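Given the structure is predicted, the values throughout are model-derived calculations rather than measurements. Along the sequence shown, the residues carry numbers beginning at 1.
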Amino acid sequence: MRVIDTHCDALLKLWEDRRRDFTSNDIETNIHRLREGNVWIQCFAIFVEPTIKNDQKFQVVLDQIQLFFEKVITPNPQMKHIKSWEDIMQLEENETGAILTLEGVDPIGDDLERLKLLYHLGVLSVGLTWNQANLCADGIGEPRGAGLTCLGKDLVSLNNEHRILTDVSHLSEAGFWDVLETAHYPIATHSNAKSLCSHRRNLTDEQLKAMIKKQAPIGVVFHPYFLENEGTATIASIVNHIEHVCSLGGKQQICFGSDFDGIPSTVSGLHHAGDYQNLINELLKHFTEEEVRGFAYQNFLNHLPS
């Protein structure tokens with residue numbers, strides 16, 4: 001069964017060590033594993049470490065985009081850059097789509113023209129924060145816990161205008177509610193249920209219900225510490241989170257946001273993108289084939305910006 005994955009950090013790994021390429025074994029979402037796992041579309045996050053100096057962050061964004069073209073797209077003819085939502089329907093049978101996303105807008109500072117440039121380069125999903133605060137919003141790790149600033153609301157409006165997804169993963173709770181009030185196309189690219197695992201990065205049932213009411217996709221993440229409080233997880237742990245979101249009415253919103261290449265440990269039996277069919281096979285024991293196809297790719301397609 002083909003799969004859409006809404007979040008991975010392969011570009012960060014390629015940037016951290018330029019000797020790597022998209023066939024390297026230490027890339028969990030490398031070209032071979034995407035093929036082995038039947039990943040049809042992979043979202044590639046652009047993420048800049050908070051330790052990078054502010055005046056250097058936007059250059060790091062551009063560097064990662066250059067690596068995306070240089071190492072992911074150009075050497076691999078079967079990898080196709082999805083520059084607009086309509087491009088998805090143009091994919092041929094043997095092609096894999098690649099979508100650029102931005103995880104945290106601190107690299108743009110207060111300059112929304114920089115964001116427009118990233119749209120032109122193909123970024124189709126934007127998360128306002130990582131865990132820290134920036135000029136647009138507070139992340140979940142900022143003790144202040146404030147919501148969106150005026151600049152942040154302007155940014156979300158710009159996303160709306162350009163049919164760009166606004167990602168609530170990593171946002172403070174106040175920021176989450178501000179986005180849901182403002183965004184036409186919200187998504188949680190990699191977040192789980194807080195009622196099952198109390199990690200701060202997960203979403204409460206109230207938040208999940210609000211996402212479901214908004215018909216926003218919810219990408220279940222494979223980080224063991226977002227699945228189980230003790231940090232040791234199996235594929236059954238992922239199934240439990242999916243079943244919980246379903247119990248809240250979210251069967252049509254669930255998708256997958258693995259966070260491969262961005263997590264320090266993995267789920268037993270699901271160590272990289274090549275293992276995706278292990279998850280599919282387990283889900284088929286609990287849900288109908290149509291429901292699993294929804295989780296795997298159709299729910300995401302059904303909620304694309306229009």
Pairs touching residues 131-156 that satisfy ring pair (Phe, Tyr, Trp, His ring centres under 6.0 Å), sequence neighbours left out = none
Is there a side-chain contact (heavy atoms from CB on, under 4.5 Å) between His244 and Ser195 once you walk through the steps?
-> CA-CA 9 Å; His244 182 76; Ser195 64; 2.9 Å; yes
Phe58 six-ring centre to Arg114 NZ/CZ under 6.0 Å and within 45° of normal = yes
Distance check, rounded to the nearest 0.5 Å: [X] atom [atom1] versus [Y] atom [atom2]?
{"X": "Asp154", "Y": "Leu115", "atom1": "CG", "atom2": "CG", "result": "11.5 Å"}
{"X": "Leu284", "Y": "Leu279", "atom1": "CG", "atom2": "CG", "result": "9.5 Å"}
{"X": "Asp87", "Y": "Ile99", "atom1": "CG", "atom2": "CD1", "result": "9.0 Å"}
{"X": "Cys43", "Y": "Ile41", "atom1": "SG", "atom2": "CD1", "result": "7.5 Å"}
{"X": "Glu103", "Y": "Leu11", "atom1": "CD", "atom2": "CG", "result": "11.0 Å"}
{"X": "Ile212", "Y": "Asp205", "atom1": "CD1", "atom2": "CG", "result": "8.5 Å"}

[Y] ring center within less than 6.0 Å of [X] ring center:
{"X": "Tyr276", "Y": "Phe222", "answer": "yes"}
{"X": "His190", "Y": "His223", "answer": "no"}
{"X": "His199", "Y": "Tyr225", "answer": "no"}

Just by modelled atom types, is the [Y] backbone N or O under 3.5 Å from a matching donor or acceptor in the [X] side chain?
{"X": "Asp106", "Y": "Asn134", "result": "no"}
{"X": "Asn202", "Y": "Ser198", "result": "no"}
{"X": "Gln253", "Y": "Ile218", "result": "no"}
{"X": "Ser169", "Y": "Thr189", "result": "yes"}
{"X": "Lys214", "Y": "Ala183", "result": "yes"}
{"X": "Ser237", "Y": "Glu228", "result": "no"}
{"X": "Asn160", "Y": "Thr182", "result": "yes"}
{"X": "His81", "Y": "Lys83", "result": "no"}
{"X": "His162", "Y": "Ile164", "result": "no"}
{"X": "Asp21", "Y": "Ser24", "result": "yes"}

[X] atom [atom1]: more than 12 heavy-atom contacts under 6.0 Å:
{"X": "Glu181", "atom1": "CD", "answer": "no"}
{"X": "Glu290", "atom1": "CD", "answer": "no"}
{"X": "Gln215", "atom1": "CD", "answer": "no"}

I want to check something: taking the side chain as every heavy atom from C-beta on, are [X] and [Y] in contact at a cut-off of under 4.5 Å?
{"X": "Cys255", "Y": "Phe295", "value": "no"}
{"X": "His286", "Y": "Leu283", "value": "no"}
{"X": "Ile242", "Y": "Val245", "value": "no"}
{"X": "Cys8", "Y": "Glu28", "value": "no"}
{"X": "Leu67", "Y": "Arg18", "value": "yes"}
{"X": "Ile31", "Y": "Gln78", "value": "yes"}
{"X": "Val179", "Y": "Asp167", "value": "no"}
{"X": "Phe47", "Y": "Trp15", "value": "no"}

Would you please name every residue forming a side chain to side chain contact (heavy atoms under 4.5 Å, CB included) with Lys209, sequence neighbours left out?
-> Leu248
Contacts of type side chain to side chain contact (heavy atoms under 4.5 Å, CB included), residue Asp55, not counting sequence neighbours = Lys53
Looking at every non-hydrogen atom in both residues, tell me the closest pair between [X] and [Y] and how far apart they are.
{"X": "Glu49", "Y": "Leu12", "result": "OE2-CD2, 3.9 Å"}
{"X": "His170", "Y": "Asn131", "result": "ND1-OD1, 2.8 Å"}
{"X": "Asp178", "Y": "Gly147", "result": "OD2-CA, 3.4 Å"}
{"X": "Ile235", "Y": "Gly269", "result": "CD1-O, 3.8 Å"}

Can you list, pair by pair, the side-chain donor-acceptor contacts under 3.5 Å of residues 118-125, counting residues two or more places apart and other chains?
residue : atom : partner : partner atom : Å
Tyr119  : OH   : Asn159  : N            : 3.3
Tyr119  : OH   : Asn159  : OD1          : 2.5

In short, salt bridge (charged side-chain N to carboxylate O under 4.0 Å, His left out) pairs touching residues 140-150 with sequence neighbours left out are Asp138-Arg144
Should the pair Lys13-Asp26 be classified as a salt bridge under the 4.0 Å nitrogen-to-oxygen rule?
-> no
Presence of salt bridge, Glu243 and Lys251, under 4.0 angstrom = no
Transitively linked via ILVMFWY side-chain contacts under 4.5 Å: [X] with [Y]?
{"X": "Trp177", "Y": "Ile140", "answer": "no"}
{"X": "Phe287", "Y": "Leu196", "answer": "no"}
{"X": "Leu165", "Y": "Phe256", "answer": "yes"}
{"X": "Val221", "Y": "Val126", "answer": "no"}
{"X": "Leu100", "Y": "Val39", "answer": "yes"}

Where do Glu173 and Arg200 land on the salt bridge (charged side-chain N to carboxylate O under 4.0 Å, His left out) test, with the steps shown first?
-> CA-CA 10 Å; Glu173 188 162 348; Arg200 66 185 185 182; over 6 Å; no
Given Glu95, which of Arg35, Arg2, Lys80 fulfils the salt bridge (charged side-chain N to carboxylate O under 4.0 Å, His left out) condition?
-> Lys80
Steps toward side-chain contact (heavy atoms from CB on, under 4.5 Å) verdict (Leu91, Trp40) = CA-CA 9 Å; Leu91 286 171; Trp40 180 45; 3.6 Å; yes
Going through the checks in order, is the side-chain contact (heavy atoms from CB on, under 4.5 Å) test met by His32 and Glu36?
-> CA-CA 6 Å; His32 305 305; Glu36 183 182 354; 5.9 Å; no
Output all residues satisfying ring-ring contact (aromatic ring centres under 6.0 Å, His included) with Phe300, sequence neighbours left out; order by chain, then residue number.
-> none
Could you go through the side-chain contact (heavy atoms from CB on, under 4.5 Å) check for Asn192 and Leu227 one step at a time?
-> CA-CA 7 Å; Asn192 287 340; Leu227 289 162; 3.3 Å; yes
In terms of side-chain heavy atoms, does Gln277 have a donor or acceptor partner in Asn281 at a distance below 3.5 Å?
-> no
